[in-house]
Amino acid sequence: MKEVKVGIIGFGTVGAGVAENLLLNKEVIAKRTGVNVTLTRIADLDITTDRGIAVPEGILTTDASVAIKECDIIVELVGGTTIAKKFILDAINAGKCVVTANKALLALHGKEIFDAAEKKGVDVYYEASVAGGIPIIKALREGLVSNRINRICGIMNGTCNYIITRMEREGADFNSVLADAQKLGYAEANPSLDIDGFDTAHKTAILAALAYGEWFGLDPVSIEGIRDLALDDIRYADELGYRIKLLATIKNNDGNVQFSVAPTLVAKNTLLANISEVFNGVLVDGDTVGQTLFYGRGAGRAATASAVVADITDVAINLAGGTVRRIPAFREGKLYDKVLAADEITSRYYLRFEVQDCPGVIASITRLLADRDISISSMIQDEAKGKNGNVPLVILTHEAPAKALKSALAEVATLSINQSPVKVMRIEDL
Ligand code: HSE
């Protein structure tokens, strides 16, 4: 049986999970693949802390270049976009195949990394970078390869989904649930990457690259997190038949593509709306297959290790069979016409106004919408929540151009009956 040597760089939580899985399931992997996948090196600056697993004598090193020199597959689990990039490029330039879970690095520097991999003829696989244990990248790259991708909608941040689920179920506000999530270890001490939408945006950029054949980076992704998510909006959405999710949306309308991350209303009776707690879900709509839905754990040591080791075995099979790059992990090839800017899209919208409760208020707002051909689909004026002569007014619209809505809301802002900034969220019909 051919042997393929694996070197892990980064012995943190995921690194330890990958090492554990490779050691524990070596026989399973060998029986399934016909390849002897051997954990040969683990590099980390800290090789003394006990990670709770017994690794073979002498494989730990503080020098990443030793792992790169001695191994066939380099598994980058350092994270970040500086030294991790150097390790990956060093490995590629040494002719080694790479497996990484580094979403930020790929989102920002994917082009450079995949250009280098193509030049050197090596594989770079990255299943764990999006939605943890869910094999969404393999699905897009292989299972759905014949499809034009109409749309991808993803709940891809477990921390945000957990916070929103608890706000919804307990009626607790954002800050108290976040504090609790931090205490329980679900949210980081600095939660910005998750709650401000950047983590989901990195994943969005990777799925967009796979869907449309280009590394777009973060620039065309409009990003809004859940920091300002109000309980009132969760309640009104519920009353109107919707749940709010931090949704990544990747869409293609006649060649015009758009990418966004934002709290978005999805109908309560859809599968995606019912993905709760820390779970992730990704809906892919292909022109041939129709809708498919992928569900599972998007984070955590074991789920992430499962995806990393799946990549390692794919690459090991390629190496053993002399078929490296048989299924390119990414291939440039433009599959769209134009990337739309945020104000060029059309969408359905949720609008919450705070208005004076007096004659003609609804008429004046709906007139401004009607003047721009924006049609209303539902409406609530919440008398019970009124105070000091003001009252919340919630309007759902049919599909409307973002520009038209912006112009209507700019005019609403000038009306004396309007009492505070309008809350705007998109609605995604699934
Ligand atoms: N922090 C992410 C989450 C997992 O909460 O889902 C890593 O991307």
Side-chain angles (χ1 to χ4, degrees), residues 10 12-18 75-81 84 99-110 125-137 152-168 174 177-210 218 221 223-227 229 244-250 261-264 272 275-283 294-311:
T13 307
V14 176
V18 171
V75 185
E76 182 278 309
L77 297 171
V78 175
T81 55
V99 171
T100 178
N102 196 329
K103 66 215 83 163
L105 181 61
L106 292 179
L108 300 176
H109 302 290
Y125 278 27
Y126 49 102
E127 185 61 68
S129 66
V130 179
I134 304 174
I136 185 64
I137 290 179
I152 300 174
C153 289
I155 296 167
M156 302 194 289
N157 186 276
T159 307
C160 289
N161 209 34
Y162 175 81
I163 292 173
I164 297 173
T165 303
R166 284 197 49 193
M167 287 175 75
E168 202 176 83
F174 173 80
V177 179
L178 172 62
D180 210 33
Q182 284 171 317
K183 245 188 267 160
L184 291 166
Y186 288 140
E188 304 282 341
N190 177 0
S192 176
L193 200 60
D194 290 322
I195 66 173
D196 292 321
F198 297 111
D199 174 78
T200 307
H202 291 143
K203 296 163 180 167
T204 303
I206 293 171
L207 295 189
L210 275 161
L218 286 190
V221 185
I223 308 169
E224 188 190 330
I226 62 165
R227 210 181 267 276
L229 185 60
I244 298 173
K245 293 290 178 188
L246 183 68
L247 200 71
T249 308
I250 295 168
V261 174
T264 303
L272 218 49
I275 289 170
S276 54
E277 307 271 348
V278 293
F279 284 89
N280 284 200
V282 186
L283 177 148
F294 301 82
Y295 168 80
R297 287 189 186 277
R301 169 175 154 144
T304 311
S306 162
V308 171
V309 176
D311 276 350

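In listed order, ligands and their atoms are each counted from 1.
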Q. Does Tyr126 offer a backbone N or O that forms a donor-acceptor pair with the side chain of Asp311 under 3.5 Å?
A. yes

Q: Number the atoms of ligand 1 from 1 as they appear, then name those within less than 4.0 Å of a heavy atom of Lys103, with their elements.
A: 7 (C), 8 (O)

Q | Heavy-atom closest contact (Gly80 atom, Asn102 atom, distance) | A | O-ND2, 2.7 Å

Q: Any atoms of ligand 1 less than 4.0 Å from a non-hydrogen atom of Ala299? List them with their elements.
A: 4 (C)

Q) Quick one: does ligand 1 sit under 4.0 Å from the side chain of Glu188, the backbone, both or neither, non-hydrogen atoms only? A) neither

**Q.** Verdict with supporting geometry, Ile195 and Ile163, side chain to side chain contact (heavy atoms under 4.5 Å, CB included)
**A.** CA-CA 9 Å; Ile195 66 173; Ile163 292 173; 4.0 Å; yes

(Q) For Ile155, run the side-chain contact (heavy atoms from CB on, under 4.5 Å) check against Leu246, Val282, Ile275 and tell me which one passes. (A) Ile275

Q | Polar contact flag for Asp194 and ligand 1 (N/O pairs, less than 3.5 Å) | A | yes

Q: Might you confirm whether atom CZ of Arg166 has over 12 heavy atoms from other residues, nucleotides or ligands at distances under 6.0 Å?
A: yes

Q | Sub-3.5 Å N/O-N/O distance, Gly158 and ligand 1 | A | yes

Q: Return yes when His202 approaches ligand 1 closer than 4.0 angstrom through a heavy atom, no otherwise.
A: no

Q) Hey, is Thr159 touching ligand 1 through its side chain, its backbone, both or neither, going by heavy atoms under 4.0 Å? A) both

Q. Relative to ligand 1, is Asp199 under 4.0 angstrom through side chain, backbone, both or neither, heavy atoms considered?
A. side chain

Q: May I have the step-by-step check of side chain to side chain contact (heavy atoms under 4.5 Å, CB included) for Arg297 and Val278, ending in yes or no?
A: CA-CA 7 Å; Arg297 287 189 186 277; Val278 293; 3.9 Å; yes

